[in-house]
Amino acid sequence: MAMKLLLGGSPCTHWSIARTRNRETVPSGEGWEMFLNYLIAREKFSPDYWLYENNKSMSAAIWKQITAELGVEPNLINSALVSGQSRWRLYWTNIPGVEQPEDKGILLMDILESGMVCKEKAYALGSTYGKGGGGYDPSRQSSRETRIAEPVRIGTIESNAKNTDFDSQQYRVYSPYGKSVTLCGQGGGMGAKTGFYAVPADGTTQSAYEVRDGQIAIKGQRYPTNLADGLYIIRKLTVTECKRLQTVPEDYIFPVSDTQAYKMLGNGWTVDVIAHILSYCPGIRTAPLEVLSMYDGMSCGHLALDRLGANIQHYYATEIDKYAIKTTQHNYPDTIQLGDAFQVRGAGWKL
């Protein structure tokens, strides 16, 4: 008999602290209704095991009510333990005994593509470099442990935008010797989706900044920095680098534009975190599985189960984004797409 597994993470855009207007802070509204779809699916599907994920920046009231509805306390896990990205998420599950993943000590520097610096648009560091950038600390150069889970900010890019707040997120620049900031699916602005980074450059790259003896040269002036000696350009991350930050396999294909790929990766799960949690599920590697994935996106749940060598008999997905569906079906053509998650409220709904 097949084991039934329910996966899901309802969209967090209504609850996230990044939402500056009309953020939902109580358990009602559109965001809450999408969570209720998961709750209804759990009741009707009657899974043996289930996993629900969401952003930790939700309000305490929503966090508390989700916990009450699901009947278990969440696991708070930072993707930084298994990847080069700082990404705090809450995971509620009835899978027993889940512990924190082992820290792999991965920094952003470890996942950067080589030979890509000349193909990316470069940006100029502002002369206000020292503002909020953090001073040079030689001890941080040699000790990876001091930067386990944090991005290391080094400065701000210049912008000609009117009324620019030069300390806003979209203009900040980070070091490759720390973690990346959290990948974002919905964010806008110059640093949209990935953030800006000082990426090592070769000697032929124009607009490169030289770092020597703990100082970076900008427009004839030198400022303290925590970058290692060398040449750097300022750019956003590539799709491949974002795949690596989300621990998505290199051979996973996006048959869509880079813009849509960035969006899916920002909205998706860190695959190795999900695989870690699911590894505690009794029989996950041996029992035949019937999987229902709510708000499936690019099928990171399927990727995690593949990583465990699970025996998936059927994988059902609720999803309405046409680009996510196209991407899932390209990589997993056997996925059974169910459409809108709200259909679970229909009388007599079942798989």
Side-chain angles (χ1 to χ4, degrees), residues 1-10 37-54 66-67 69-83 87 89-104 106 243 246-252 267-319 324 327-329 331-338 341 344 350-351:
M1 184 175 179
M3 182 169 72
K4 297 166 77 173
L5 176 66
L6 173 65
L7 304 174
S10 56
N37 289 337
Y38 179 90
L39 206 61
I40 294 168
R42 188 180 71 156
E43 179 182 353
K44 293 185 175 182
F45 183 50
S46 298
D48 297 289
Y49 296 100
W50 51 267
L51 170 65
Y52 177 78
E53 173 270 355
N54 220 294
I66 290 176
T67 298
E69 297 288 349
L70 294 177
V72 297
E73 292 290 335
N75 295 281
L76 177 59
I77 299 176
N78 191 346
S79 298
L81 293 171
V82 300
S83 82
R87 189 183 188 89
R89 290 295 184 267
L90 293 166
Y91 301 91
W92 287 263
T93 183
N94 70 336
I95 298 172
V98 176
E99 298 180 356
Q100 290 287 309
E102 181 181 351
D103 181 19
K104 296 182 179 180
I106 301 172
K243 285 167 64 174
Q246 286 288 54
T247 61
V248 170
E250 296 280 310
D251 59 357
Y252 188 89
N267 287 330
W269 285 342
T270 305
V271 173
D272 279 3
V273 172
I274 303 302
H276 170 79
I277 295 171
L278 295 179
S279 70
Y280 288 84
C281 184
I284 194 68
R285 292 181 174 88
T286 56
L289 297 180
E290 293 285 327
V291 182
L292 171 58
S293 177
M294 301 288 290
Y295 309 102
D296 185 62
M298 54 178 281
S299 288
C300 290
H302 205 311
L303 288 167
L305 289 167
D306 282 357
R307 192 146 295 175
L308 295 172
N311 176 17
I312 302 174
Q313 288 197 329
H314 298 100
Y315 189 97
Y316 300 89
T318 70
E319 182 55 59
T327 300
T328 288
Q329 297 306 127
N331 291 276
Y332 294 114
D334 292 334
T335 298
I336 303 169
Q337 293 287 347
L338 302 177
V344 301
K350 62 180 181 179
L351 294 181

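Just the heavy atoms: all of them, side chains too, but no hydrogens, waters or symmetry mates, feed the values below.
Judged as a salt bridge (Lys or Arg N to Asp or Glu O under 4.0 Å), the pairs with a partner in residues 299-311 (not counting sequence neighbours) are, in order, Asp272-Arg307.
Going from atom CD1 of Ile77 over to atom CD of Glu99 covers 10.5 Å, rounded to the nearest 0.5 Å. Taking CG from Leu51 and CG from Asn75, the interatomic distance works out to 9.0 Å, rounded to the nearest 0.5 Å. Interatomic distance, Gln337 CD to Glu319 CD, rounded to the nearest 0.5 Å: 7.0 Å. Here Leu278 contributes atom CG and Tyr91 contributes atom OH; the two are 11.0 Å apart, rounded to the nearest 0.5 Å. In this structure, CH2 on Trp50 lies 9.0 Å from CD1 on Ile95, to the nearest 0.5 angstrom. Summarising the geometry, atom OH belonging to Tyr295 is positioned 10.5 Å from atom CG belonging to Asn54; distances are rounded to the nearest 0.5 Å.
Atom CD of Glu102 is surrounded by 12 or fewer heavy atoms from other residues, nucleotides or ligands within 6.0 Å.
With sequence neighbours left out, the ring-ring contact (aromatic ring centres under 6.0 Å, His included) criterion links Tyr49 to no other residue. Residues passing the ring-ring contact (aromatic ring centres under 6.0 Å, His included) test with Phe45: none are found, sequence neighbours excluded.
Residues Pro288 and Met1 come closest through the heavy atom pair CG-O, 4.1 Å. Between Ala41 and Leu6, the closest heavy-atom pair is C-CD2, 4.4 Å. Shown here for Met298 and Val248, the closest heavy-atom pair between the two residues is CE-CG2, 4.0 Å. Gly268 approaches Cys300 most closely through the heavy-atom pair CA-SG, 4.2 Å. The two residues Asp103 and Ala80 have their closest heavy-atom pair at OD1-O, 4.0 Å. Here the closest non-hydrogen pair linking Glu69 and Arg42 is O-NH2, 3.3 Å.
The residue from Val344, Leu7, Leu5, Leu338 that alone fulfils the side chain to side chain contact (heavy atoms under 4.5 Å, CB included) condition with Leu292 is Leu338.
For the residue pair Ser10 and Tyr52, a side-chain donor N or O sits within less than 3.5 Å of a side-chain acceptor on the partner. With hydrogens and angles left out, the side-chain atoms of Thr247 and Ser83 include no donor and acceptor closer than 3.5 Å.
For the pair Thr67 and Pro74, the minimum side-chain heavy-atom distance is below 4.5 Å.
Between Tyr332 and His302, the angle of the ring planes stays under 30°, which puts this pair in the parallel group of the 30/60° scheme.
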